[in-house]
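Quick notes on the structure that follows.
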There are 2 protein chains.
Amino acid sequence: MDQADFPTVLRFFKALAHESRLRLLGMVAERAHNVQELAARLDLTEPTASHHLAILRGLGLVTLRVEGNNHWYTLNPDALTQAARAVLSREQVAGLAPGANAPDREQAILRNFVTPEGVLTQIPVNRKKRRVILAWLVRKFDLGRAYSELEVNKILQKHHNDPATLRRDLIGYKMVSRQSGEYRRLEDSEWQP
Amino acid sequence: MDQADFPTVLRFFKALAHESRLRLLGMVAERAHNVQELAARLDLTEPTASHHLAILRGLGLVTLRVEGNNHWYTLNPDALTQAARAVLSREQVAGLAPGANAPDREQAILRNFVTPEGVLTQIPVNRKKRRVILAWLVRKFDLGRAYSELEVNKILQKHHNDPATLRRDLIGYKMVSRQSGEYRRLEDSEWQP
DNA sequence: CTAATGGTTAGATATTTATCTAATTAGATT
DNA sequence: AATCTAATTAGATAAATATCTAACCATTAG
């Protein structure tokens, strides 16, 4: 599971969201088991166990070794840890929001200028690209709430070491307003095409 | 989520095993949102969004700040990473196997009185042994939820044909409380040495 | 070659979980 | 107070998913 691809993340959680499958995973983490053993210990029929194993296998969470009539299932620990990474950072989770992965072109721009941790490597000179970056940045602010300049800087600081330039740009692009020292995020409709 | 307590791990995965809830989590990871915003962006009704948020909140995955009529939800990133740890190592996953978590002595007692299918062959007369069996039984119940007597019996019935005795013992050992007909599993700390 | 063993596949049914509308609560506004 | 707004709760219905039995496939044993 690379960069928190939504359908895969969802499939992963669905796979683990069932008592029997969690138990199966636990058992094959101890040692290899065949289907009969697994079914017996979980008090399931073999077809049911087989069905669950197929789901786990489809995600690469378990691996199958065939030996005559016996099918030996074991845990694939790498798949698990890789998957768990998908929810380890706030940035990764934010990538699950609807539209977060939407327009390819914008995403490519973000990938070019923003590290996976959410840090800007540089501020684009090109106006259209800068706009994409600023549109992404402005979402770090809540709507309908006032921020002091200090707060604005603190948030921007997380993403770039020159918050002042970004702050001025956000105002220039009418994504943020300033009135008597109070900063407010403006509705998307104020500045979108 | 401390040491991969099975019901909690399961609840966690169930909470995240739904498209809408993953999206919600993504949105509140970006910034605080109120219920209307969330419902609108996900094309759900407010009650539905509210329902999902309650599930996420029950697990501590999101936190709620009330401000007048508005309920602002934000991500609780700690809960997420803590939970993800539960599946990071093979040892942790093996802890999900049925019966995996009991220390040796207790496991021996369990083996003596419980079949591999989880059925009690007899209820120990010895208090210490009975305690081990009851401690194992009480984990079949979720914390923080009320059960009717019928539900309690239904669960106990799976493990022994005299659920009434077991039910009374669970209360006697202070592992379960009864108040006005409602049964609740008590925290381990209430009855552990 | 035939029977037995372990496993999977197919399809019907049962269970669980999401979703909606309607009713209700709590805070803000007039 | 009366009304409005945002949110939650309740309860009914709809959708998704698990489970079983029966049928089937592949391999091994007689």
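Proteins come first, then strands; the chains are lettered A, B, ... in the order of their sequence lines, and each starts at number 1. Only heavy atoms go into these numbers, but all of them, side chains included; no hydrogens, no water, no symmetry mates.
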For this session: Under 4.0 Å between any heavy atoms, over every strand shown, what does Q36(A) touch: base, sugar-phosphate, or nothing? Just pick one.
Result: sugar-phosphate
Exercise. For dT19(C), does either OP1 or OP2 sit under 4.0 Å from a side-chain N or O belonging to H52(B)?
Worked result: yes
Seminar exercise, completed: Side-chain contact check for N69(B): nearest option of dT19(C), dC20(C), dG27(C) is dG27(C)
Exercise. Is the shortest side-chain N/O distance from T45(A) to OP1 or OP2 of dT19(D) below 4.0 Å?
Worked result: no
Exercise. For H51(B), which contact category applies under a 4.0 Å heavy-atom criterion: base, sugar-phosphate, or nothing?
Worked result: base
Exercise. To the nearest angstrom, how far is R65(A) atom CZ from dG7(C) atom C1'?
Worked result: 16 Å
Problem set entry | Value in whole Å for how far the C1' atom of dG6(C) lies from OH of Y73(A) | 11 Å
Problem set entry | Nucleotide dT9(C), atom P - distance to CD of E46(A) in whole Å | 14 Å
For this session: Using a cut-off of strictly less than 4.0 Å, decide whether T48(B) has a side-chain nitrogen or oxygen near OP1 or OP2 of dA18(C).
Result: no
For this session: Measure from CG on L10(B) to P on dT16(C) and round the result to the nearest Å.
Result: 13 Å
For this session: Please work out which of the three classes, parallel, tilted or perpendicular, describes the rings of F13(A) and F13(B), given edges at 30° and 60°.
Result: tilted
Seminar exercise, completed: To the nearest angstrom, the CG-P distance between L64(B) and dA6(D) comes to 16 Å
For this session: Give one of base, sugar-phosphate or nothing for R21(B), where a contact means two heavy atoms less than 4.0 Å apart.
Result: sugar-phosphate
Problem set entry | In one Ile/Leu/Val/Met/Phe/Trp/Tyr side-chain cluster, 4.5 Å: V35(B), V66(B) | yes
Exercise. Of E67(A) and H18(A), whose nearest nucleotide on DNA chain D comes first from the 5' end?
Worked result: H18(A)
For this session: Among the candidates dA7(D), dG6(C), dT8(C), find the nucleotide nearest to the side-chain atoms of N70(B).
Result: dA7(D)
Exercise. Do the charged groups of E37(B) and R41(B) touch, with an N to O distance under 4.0 Å?
Worked result: no
Exercise. To the nearest 0.5 Å, how far apart are CG in L56(A) and CG in N76(A)?
Worked result: 11.5 Å
For this session: Figure out the CG/C1' separation between L24(B) and dT19(C), and round it to whole Å.
Result: 14 Å
Seminar exercise, completed: To the nearest angstrom, the CH2-P distance between W72(A) and dG7(C) comes to 8 Å
Problem set entry | Nearest-Å distance for atom pair CD1/C1', residues I55(A) and dT19(D) | 12 Å
Exercise. Where do H160(B) and L120(B) come nearest, in terms of heavy atoms and distance?
Worked result: CD2-CB, 3.6 Å
